[in-house]
Amino acid sequence: MMGLDPRRAGDSNATTWIDALDQLHRAGDLLGLPLGEIEMLAMPRRTVEVAVPVRMDDGAIRTFEGFRVQHSLTRGPAKGGLRYSPESDLSETKALAMTMTWKCALVDIPFGGGKGSVRCDPANMSVAELERATRRYASEIMPMIGPGKDILAPDMNTGEREMAWIMDTYQTVHGQSEMACVTGKPVIVGGSAARRSATGVGVAECVRQSCREISFDGPIRCIIAGYGNVGRTVAELLGREEEFRIVGASDLSGGRYDPHGLDLSALAEAADTGEVGSARTGEPVGRSELLEMSTDVLVPAAVGGVIHELNAENLHCRVIVEGANHPTSHAAEVLLGERGVQFVPDLLANSGGVIASYFEWSGGLQGLETLGSEVAARLEARIRQAYDTVVQHSAERNISTRDAAVVIGVDRVARAHRARGLYP
Ligand code: NAD
């Protein structure tokens, strides 16, 4: 069990934060922002570190470290997930909060960026311990959260259950109903039925958009590397459409490949038990090997860092749509870019979740119901708009789509800062 470790020296994710700062500085330079303005954009508005003491089931008390970072409040309340992980630390939380700022600005929703984490290992905690940890964490950060301040959402190892606990804690403390204090909550307490599939809906729309300008000989072949929530939604949406074929899929158990198309119902059956590698369709291939199989579109939708210098030369795809966060290293992106491979960067491709969260939040504020079908159409329209803006900026400035996405986000936040002025 992971508690406070006094021997731990510094943050292990310092490079993640340095990378995020580098990205901001690159965007700031491209925009010609003065250094003082870049520094102001870099510094999180508020960062809190809290102790989360929890009485464990055996009666012992353990104290976990918790963080909440509000990177930006310029375009609206902070918005971002809460993750539980033994690897979480302040540097990672700050970097993720900054990414949320650019993402919300890129897709033009009225939120700043935030992120929270508790450094714990949920795999080794009971449901009751997790509930006590979640409620205590929520109460420790209570003064800084709320519908107009900072809205939490699920992230790694948290889900609807944790959001319901946080909402309940919030409402108990404030003594009034407040649906919009979290998003990603269960549908029965005001969550959006469309939230679960929203990220996949956005990724699928990015696949469609990225294939618009390319001519293909036959159906457009797609490999979905990571058949979880996001990947499976993408496969099931595109697999229904005449112009697409899902030729490859994988999860932790391994992959399957068929150049003529996999049977999606066989994949679904296998995915339910986390056994895509044994699905009764196509031929077995290793997880890493699948990335190198022939395809038109590759959708990495599992974990970060799967496309790197060592395998980039072996990839056979024309488009990469990044469902996962940070699946491609910078060196690999350069190598693939030189070969004409197009990228839809993660900042844009996986923004569907936060867009749906925006609809859930605004519905909660107004006491409106959100209908699944409406959400998907509105979400796709917003993604298309952001996609076109990214492609246009990338062409006009002769920069990668990844840099273009960050530049658009940074520019919108910087202009909002200027419009509001500096207090006092
Ligand atoms: P998930 O846990 O539902 O699915 C992940 C899938 O990837 C699982 O099937 C797992 O078996 C598989 N997997 C893990 N390692 C793999 C590997 N090396 N090769 C192949 N498959 C592997 O997670 P998810 O919600 O679908 O999220 C997927 C990615 O998208 C994550 O990187 C997440 O950060 C990112 N993302 C998700 C959302 C969202 O709303 N769910 C939003 C933004 C970004």
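We count ligands from 1, going down the list as the structure has it; atoms in each ligand are counted the same way.
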Please state whether [X] comes within less than 4.0 angstrom of ligand 1, counting heavy atoms only.
X: Ala301; result: yes
X: Met156; result: no
X: Gly353; result: no

Go through the side-chain N and O atoms of [X] and [Y] and say whether any donor and acceptor fall under 3.5 Å apart.
X: Ser117; Y: Thr93; value: yes
X: Thr183; Y: Ser357; value: yes
X: Arg221; Y: Ser294; value: yes

Which residue and heavy atom of the protein sit nearest [atom], plus the separation:
atom: atom 17 (C) of ligand 1; value: Arg287 NE, 3.6 Å
atom: atom 26 (O) of ligand 1; value: Val230 N, 2.8 Å
atom: atom 36 (N) of ligand 1; value: Gly323 O, 4.1 Å

So with a 6.0 Å cut-off around CD of Gln385, is the heavy-atom count from everything else above 12? no
Can you list everything that forms a side-chain hydrogen bond (donor to acceptor under 3.5 Å, both in side chains) with Thr328? Sequence neighbours excluded, please. Glu322
So if I count the atoms of ligand 1 from 1 in the order they appear, which ones are less than 4.0 Å from some heavy atom of [X]?
X: Tyr227; result: 9 (O)
X: Asp251; result: 9 (O), 11 (O), 12 (C), 20 (C), 21 (N), 22 (C)
X: Asn325; result: 32 (O), 34 (O), 44 (C)
X: Ser250; result: 20 (C)

Is Arg318 positioned over the aromatic face of Phe216, cation under 6.0 angstrom from the ring centre and no more than 45 degrees off axis? yes
Arg75 to Phe111, cation-pi by 6.0 Å centre distance and 45° axis angle: no
Would you tell me which option among [options] has the nearest heavy-atom contact to [atom]?
atom: atom 15 (N) of ligand 1; options: Leu252, Asp346, Asn350, Val276; answer: Leu252
atom: atom 29 (C) of ligand 1; options: Ala302, Gly228, Ser357; answer: Ala302
atom: atom 38 (C) of ligand 1; options: Thr199, Leu290, Val354; answer: Thr199

Hey, is atom 11 (O) of ligand 1 under 4.0 Å from any protein heavy atom?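 There is a protein heavy atom less than 4.0 Å from atom 11 (O) of ligand 1.
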Heavy-atom contacts under 4.0 Å between Asn229 and ligand 1: side chain, backbone, both, or neither?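 Under 4.0 Å from ligand 1, Asn229 contributes backbone and side-chain atoms.
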Taking 4.0 Å as the limit for heavy-atom contacts, which would you say applies to Arg195 with ligand 1: side chain only, backbone only, both, or neither?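 Within the 4.0 Å criterion, Arg195 contacts ligand 1 through side-chain atoms alone.
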Separation of His417 NE2 from Ser72 OG (nearest 0.5 Å): 5.5 Å
Looking at side-chain heavy atoms only, is the closest gap between Thr389 and Val391 below 4.5 Å?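 Result no, sub-4.5 Å side-chain heavy-atom pair not found.
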I'd like a table of donor-acceptor pairs (distance under 3.5 Å, sequence neighbours excluded) in which one partner is a side-chain atom from residues 18-27, with atom names and distances.
{"from": "Arg26", "atom 1": "NE", "to": "Asp403", "atom 2": "OD1", "distance (Å)": "3.3"}
{"from": "Arg26", "atom 1": "NH2", "to": "Asp403", "atom 2": "OD1", "distance (Å)": "3.2"}

